[in-house]
Amino acid sequence: MYLLYKEYNDIFIKRIQQICNRRCEPEQFTILVREIPFCNEHKIRGCNVDHFFSKHHPYSYQSFEILYDGKHLDKLLCQAKSLTKKIEDLRHLSSLKKHSRYDAKIEQLEDMLQTLGREIRRVQCRMTIEQKELPVAFVTFSSRWGTVLAAQSQQHTNPLLWITEMAPEPRDVIWQNLAIQYRHLPLYRIVILVAASLLTIFFVLPVTAVQGIAKYERLKKWFPPAMAVDLIPGLRSIVTGYLPSAILNGFIYIVPFAMIGLARLAGYISRSKKDLNACNMVFYFLVGNVFFLSLLSGSLLDQIGESFSHPKDIPNRLASAVSAQADFFVTYILTNGLAGFSLEILQPGLLLWDTLKSYTWDRGKKKCPYVYSLPYYRIVPFVALCMLIGIVYAVVSPLILPFLVGYFLLGYAVFINQIEDVYITTYETCGLYWPYIHHYIIVAIILMQVTMIGLFGLKAKPSASFSVIPLMVITILFNEYCKIRFLPTFNQVSVQDAKNNDDLDKKDRLEEENVRKALDAYSPPCLRPLDLGMEGTSSTKPFLSPT
């Protein structure tokens with residue numbers, strides 16, 4: 001607990017320092033406003049935003065950017081990008097085969113692209129889309145102090161109007177989700193929670209089958225031909241030892257991608273929030289399926305039924321099940337470490353996908369280089385699961401700890417390389433994942449303490465079992481203290497820090513420059529200027545100007 005507190009405090013300090021180092025970023029001067037009502041006089045929302053913030057925040061309000069329903073524009077932009085790609089492909093083929101017959105087709109597509117560009121500019125006109133305003137706006141302030149006060153206070157007597165929060169980074173925004181009404185978001189989240197729960201329940205079948213392979217005596221009863229493995233020396237050890245972990249890892253590999261797909265449908269306004277939600281769902285999926293179902297598999301329904309009918313026996317059942325599965329989890333950590341980190345370095349999935357595209361629909365076309373961001377939703381839950389296994393087994397089977405230390409050392413070396421040389425940064429976390437990791441470790445400690453109660457009970461030491469209960473109480477109280485002491489700073493920005501950063505801007509004379517950057521940072525993609533007047537043809541540069 002001391003180490004957890006120290007680490008939380010260190011990351012807390014680093015987060016404040018990182019926010020200070022990023023003083024020029026536009027999100028520090030911008031808030032997101034949702035559920036904007038119509039102006040009574042002009043019947044438009046943009047006018048109401050200006051009136052409201054000019055009246056209630058007169059000393060810090062600077063400007064606003066209202067958002068529009070740009071579905072029609074998005075379709076036109078998709079068509080324009082498709083035409084641009086066709087022109088690029090034809091030019092590439094023309095340069096390879098030296099055929100003049102491509103020139104006429106290229107010219108025709110370029111004319112179509114220019115016509116489409118004029119149509120897009122016409123639709124982009126504010127007068128044309130003025131009636132398609134969304135009840136959402138980005139509001140910019142002249143100081144961080146004013147931004148924080150506006151973002152973290154209730155703006156209206158009705159809390160379902162003028163809902164404010166700090167804006168995410170411009171590159172982190174999921175623009176299409178801003179069109180979802182704020183009142184509908186709880187329904188989206190409930191549907192996603194139900195879908196994730198169903199996925200967890202249906203995954204019982206492969207996990208139970210895998211554990212059936214691990215228990216050879218039971219496997220022979222279910223599937224008599226399995227006795228043939230005794231004919232080959234050493235094959236039984238591979239089938240019952242390594243094979244279950246390999247199959248389980250194969251099934252689990254698809255889980256993070258399924259969860260991130262569900263999180264995309266939950267209506268989060270930023271990729272960072274979407275990834276955090278997916279990370280949480282994957283962790284609890286792994287705890288439920290890989291840990292608990294691996295422990296309870298076999299006579300699963302009978303054990304669950306007995307646990308509900310005799311809840312006092314749950315610690316004893318957990319302790320006996322944990323002791324019986326030690327070998328499986330040692331093998332799981334070794335498999336996950338050796339195979340998982342090797343796959344992380346080699347990236348075989350992306351390599352196969354790129355090879356498949358090169359020999360099918362992208363054959364003969366010019367390759368576009370791509371770089372991916374760090375998949376937090378895939379990496380953090382698996383590391384947290386290994387921490388949980390190690391903490392629970394530290395009491396029951398301490399021999400698992402050297403394997404776990406090796407796993408973390410290898411993982412540290414691999415991910416230092418991946419973060420520095422392979423992945424790109426698509427958004428800044430500023431330590432936002434640590435509160436989740438802290439929570440996962442606390443869950444692991446409580447599970448370990450419940451297991452200790454059961455273990456001492458199995459060894460007929462009731463006094464030792466009762467002595468663990470105060471430890472559980474202390475752990476829960478410690479977690480609540482950390483929530484009170486540190487968590488608010490990870491969810492909000494203090495007025496003191498905002499004011500200190502404003503003073504540093506005044507000292508460095510960066511106030512006007514930083515506010516000017518923020519004014520133009522949150523222009524919706526559908527309203528950004530096009531770049532069609534290019535040297536040569538429209539196929540040699542991106543269709544949209546870079547942001």
Side-chain angles (χ1 to χ4, degrees), residues 25-39 42-50 52-53 61-82 84 116-141 147 150-151 162-182 184-185 188 264-274 426-427 515-532 541-547:
E25 298 301 322
E27 67 270 12
Q28 296 195 17
F29 296 89
T30 310
I31 68 170
L32 174 67
V33 187
R34 310 183 80 166
E35 296 301 310
I36 301 168
F38 284 105
C39 173
H42 302 99
K43 301 302 179 184
I44 57 174
R45 290 189 170 96
C47 171
N48 206 14
V49 173
D50 191 59
F52 184 87
F53 284 96
Y61 168 66
Q62 190 77 17
S63 180
F64 74 95
E65 180 74 53
I66 196 78
L67 301 188
Y68 297 90
D69 184 2
K71 291 180 181 177
H72 180 52
L73 269 176
D74 289 339
K75 290 178 182 177
L76 293 176
L77 288 170
C78 287
Q79 292 176 21
K81 288 178 181 178
S82 177
T84 305
L116 192 58
R118 287 192 290 271
E119 173 67 12
I120 290 171
R121 290 191 185 96
R122 185 187 68 79
V123 176
Q124 280 182 333
C125 175
R126 297 271 179 175
M127 296 302 294
T128 306
I129 59 175
E130 197 170 27
Q131 302 303 317
K132 294 185 178 181
E133 288 179 328
L134 293 173
V136 183
F138 287 100
V139 180
T140 306
F141 294 82
T147 307
W162 298 101
I163 300 165
T164 57
E165 62 181 283
M166 293 296 293
E169 289 182 76
R171 59 180 176 174
D172 191 24
V173 178
I174 303 176
W175 294 95
Q176 61 268 29
N177 285 353
L178 291 172
I180 300 172
Q181 288 191 25
Y182 186 82
H184 295 167
L185 288 179
Y188 280 73
R264 283 195 184 101
L265 304 175
Y268 291 101
I269 61 166
S270 63
R271 292 175 181 84
S272 54
K273 288 184 178 180
K274 177 196 70 178
T426 53
Y427 58 84
V515 173
R516 188 167 59 250
K517 286 181 183 177
L519 291 174
D520 301 325
Y522 289 92
S523 177
C526 61
L527 294 181
R528 291 171 189 167
L530 301 178
D531 188 8
L532 291 176
K541 291 186 180 179
F543 181 72
L544 291 177
S545 61
T547 58

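For the numbers below, each heavy atom of this structure counts, side chains included, while hydrogens, waters and symmetry mates do not.
The heavy-atom pair separating E133 from G46 by the smallest distance is OE2-N, 3.4 Å. Scanning both residues, I66 and A137, for their nearest heavy atoms gives CD1-CB, 3.8 Å. A pairwise comparison of heavy atoms in P168 and V173 identifies CG-CG2, 3.7 Å as the closest pair. Scanning all heavy atoms of the two residues, the minimum distance from I31 to A150 falls at CD1-CB, 3.9 Å. Of all heavy-atom pairs spanning A518 and T30, the tightest one is CB-OG1, 4.0 Å. Taking each heavy atom of P170 and A521 in turn, the nearest pair found is CB-O, 3.6 Å.
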Practice prompt. Take R171 and T426 through the side-chain contact (heavy atoms from CB on, under 4.5 Å) test and state the conclusion after the steps.
Written response: CA-CA 7 Å; R171 59 180 176 174; T426 53; 5.7 Å; no

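A centroid separation of 6.0 Å or more is found between the aromatic rings of Y182 and W162.
Side-chain contact check for L185 versus R34: some heavy-atom pair is nearer than 4.5 Å. Side-chain contact between R45 and P37 is absent, with no heavy-atom pair separated by less than 4.5 Å. Using a 4.5 Å cut-off on side-chain heavy atoms (C-beta onward), V33 and V136 make no contact. Counting only heavy atoms from C-beta outward, the side chains of L32 and L178 approach each other to under 4.5 Å. Put simply, the side chain of M166 does not reach to within 4.5 Å of the side chain of E27, judged on heavy atoms. Contact annotation: the side chain of I174 never approaches that of I269 to less than 4.5 Å [non-hydrogen atoms, C-beta and beyond]. Counting heavy atoms from C-beta on, the side chains of Y61 and V139 come closer than 4.5 Å. In this structure, the side chains of T140 and Y522 stay at 4.5 Å or more apart for every pair of heavy atoms.
Of the options F64, F29, W175, a ring-ring contact (aromatic ring centres under 6.0 Å, His included) to F138 is made by W175 and by none of the others.
Considering OG of S270 and CG of N177, their distance stands at 9.5 Å, rounded to 0.5 Å. Note that CD of E25 is 6.5 Å distant from CD of E169, once rounded to the nearest 0.5 Å.
Under the 6.0 Å distance and 45° angle rule, R271 does not count as a cation-pi partner of Y427.
Electrostatic pairing of E165 and K273 counts as a salt bridge here, judged by a charged N lying under 4.0 Å from a carboxylate O.
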